[in-house]
Amino acid sequence: KKQLTFWRIVGFLLLAILISLPGALEPAIGIKFFFNDYIYRLMLPIAVIFCVHEKKRLINIAICFAAAMFVNEVYVILHGIKTYPSMDRFYSLAGVMPWACLLAMAVPVSFVGWYYSKHQVIFWGCAVFGIVSVLALMINATRGAWLAATVSFVIIMILSLRDIRKILMCFLVVGVLFAGCYQYVTSFQFRVQSMMNFQERSNSERRLLWQSAVNMFKDHPATGVGFAQFKRNYQEQYILPEAKERDLDHAHNNFFHFLAETGALGFGGLVALCGYLVCYGVRGWRKRQEEVYLFLLAMVLGFFLHGLTEYTLRLAMCSKAFWLSLGLCFQWININKEKHSGHV
């Protein structure tokens, strides 16, 4: 009941997914992915809210997750040093895209922890984690994640504008890391330059995918072609003649993908979910000035901004991280509200 609006929006989104299935080419596949992507993964925030009632336990879960990420970040950086100067995109222990999405969330989240830290251990822990995350993100070479982390960082920084010295220090560290990689790592330099090249293959392929998704929506405006039905419809009917990569199975965009598969209903539900979470974070921060709202906002922005160039809702690892992080933030807020109301 404490996040009733959120759960109503989630319920509407789940209903829209189910409504899209009766007319699908393979509804059984849609049902399978529905239970895997949403019913199963939604157990994470529900488990946190029902089973974790102490802040210390919430912190322990977050620390374990951050520690797991840190191990992978160090592994990626060491591999990058070992293979220098031929630093091609490295899959890491988690895969390129899932890892990119996790880092797009981790970079702004680490900034919030560092900026508002009240203890030296937290201050230096978040500082080291943030620097290592930025380096790992550069080596990952996923441009959509770079943009997501940058935009998220700027938005969080604007909302947090208190200590100019800390912000300038942060810009200096990130600027030095970026300049060093750009100067001495040719592959990184190439990836940065390709971001504005609209004829570059991956850029053009995404535009063609999005056009195909819109065409699916035009033919099935209300409920789409059916959840988890993009691949077959795209490859058999909607792929454009100009497309070079002809075996893709998703739209490389959360919103275009939902528009194609679930029509106006699912697209509206996803926009409502994203919009509500952003407003919830901003409004909560302005009203209460509690850092947990910025943590939630940083995570949501990183996830959905990267989702403008990748279907992050299907990526198991980052999707689970997204739902788990929501549960941790919501429960922290619930505990604070109970404490202020005198129930704890």
Side-chain angles (χ1 to χ4, degrees), residues 3 6-7 9-11 13-14 17 30-52 57-73 75-76 91-110 129 133 136-137 140 142 144-145 148-149 152 227-228 249-250 252-255 257-258 261 269-270 273-274 276-277 281 292 295-333:
Q3 282 84 31
F6 166 77
W7 290 109
I9 294 173
V10 170
L13 186 63
L14 299 183
I17 291 173
I31 292 173
K32 173 187 174 183
F33 279 99
F34 170 76
F35 277 96
N36 180 71
D37 292 5
Y38 292 96
I39 303 303
Y40 169 58
R41 296 176 189 175
L42 276 170
M43 291 299 104
L44 286 165
I46 292 173
V48 170
I49 290 172
F50 275 92
C51 301
V52 185
R57 294 181 182 272
L58 296 173
I59 293 171
N60 287 342
I61 294 171
I63 289 175
C64 287
F65 189 79
M69 283 198 64
F70 185 77
V71 170
N72 198 36
E73 289 171 350
Y75 178 68
V76 169
Y91 278 81
S92 77
L93 301 173
V96 169
M97 285 302 177
W99 186 233
C101 183
L102 290 174
L103 290 170
M105 293 188 281
V107 169
V109 164
S110 63
F129 182 69
S133 296
L137 183 60
N140 177 269
T142 300
S152 302
F227 184 67
D249 59 0
H250 62 83
H252 271 287
N253 181 295
N254 287 332
F255 299 97
H257 196 96
F258 261 73
E261 288 193 341
L270 185 61
L273 176 65
C274 179
Y276 172 77
L277 289 173
V292 63
F295 279 120
L296 183 146
L297 184 61
M299 180 271 302
V300 169
L301 287 173
F303 183 82
F304 278 108
L305 287 173
H306 184 216
L308 296 177
T309 55
E310 176 61 26
Y311 186 23
T312 56
L313 283 164
R314 174 60 54 80
L315 299 174
M317 190 172 298
C318 56
S319 178
K320 291 174 183 177
F322 171 74
W323 294 116
L324 174 63
S325 299
L326 279 181
L328 294 174
C329 291
F330 281 155
Q331 188 65 345
W332 188 281
I333 291 167

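- E310 places no side-chain N or O within 3.5 Å of a backbone atom of C101 that could act as its donor or acceptor partner.
- Nearest approach of V107 to S133, heavy atoms of both residues: CG2-CB, 4.0 Å.
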L326/V300 under side chain to side chain contact (heavy atoms under 4.5 Å, CB included): CA gap, chis, key distance, verdict: CA-CA 8 Å; L326 279 181; V300 169; 4.2 Å; yes
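- Nearest heavy-atom pair across L102 and A321 is CD2-CB, 3.5 Å.
- Residues in residues 311-325 take part in these salt bridge (charged side-chain N to carboxylate O under 4.0 Å, His left out) pairs, two or more places apart or across chains: D37-R314.
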Verdict with reasoning, L328 to V52, per side chain to side chain contact (heavy atoms under 4.5 Å, CB included): CA-CA 9 Å; L328 294 174; V52 185; over 6 Å; no
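- Here the side chains of W99 and L137 are not in contact, with every heavy-atom distance at 4.5 Å or above.
- Between the CD1 atom of I63 and the CG atom of L58 there is a distance of 11.0 Å, given to the nearest 0.5 Å.
- At a threshold of 4.5 Å between non-hydrogen side-chain atoms, the residues L324 and R41 do not count as touching.
- Within the 4.5 Å cutoff, side-chain heavy atoms of W7 are placed close to those of I46.
- Contacts of F304 classified as ring pair (Phe, Tyr, Trp, His ring centres under 6.0 Å), with partners at least two apart in sequence or in another chain: F322.
- Between Y38 and W323, the angle of the ring planes goes over 60°, which puts this pair in the perpendicular group of the 30/60° scheme.
- Here the OG1 atom belonging to T142 is positioned 8.5 Å from the CG atom belonging to L103, to the nearest 0.5 angstrom.
- How far OG of S110 is from CZ of F70: 11.5 Å, rounded to the nearest 0.5 Å.
- The heavy-atom pair separating G327 from V48 by the smallest distance is O-CG1, 3.5 Å.
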Full working for side chain to side chain contact (heavy atoms under 4.5 Å, CB included) between Q331 and I49: CA-CA 6 Å; Q331 188 65 345; I49 290 172; 4.0 Å; yes
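- The two residues M105 and G302 make their nearest non-hydrogen contact at CG-C, 4.1 Å.
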Side chain to side chain contact (heavy atoms under 4.5 Å, CB included) evaluation trace for F303 with L313: CA-CA 9 Å; F303 183 82; L313 283 164; 3.7 Å; yes
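- Between V10 and L42, the shortest heavy-atom contact is CG1-CD1, 3.8 Å.
- In this structure, F295 CZ and W332 CH2 are separated by 8.5 Å, a value rounded to the nearest 0.5 Å.
- Taking OG1 of T312 as the reference point, atom NE2 of H306 lies at 7.5 Å (rounded to 0.5 Å).
- Contact of the F129 side chain with the V109 side chain is not registered, since no non-hydrogen atoms from C-beta on lie closer than 4.5 Å.
- Of all heavy-atom pairs spanning G269 and I9, the tightest one is O-CG2, 3.8 Å.
- Here CG of L315 is found 8.5 Å from CG of N254. Values are rounded to the nearest 0.5 Å.
- Considering only residues two or more places apart in sequence or on other chains, S152 meets the side chain to side chain donor-acceptor pair (under 3.5 Å) condition with none of them.
- Note: H257 and Y311 have parallel aromatic rings, judged against thresholds of 30 and 60 degrees for the angle between ring planes.
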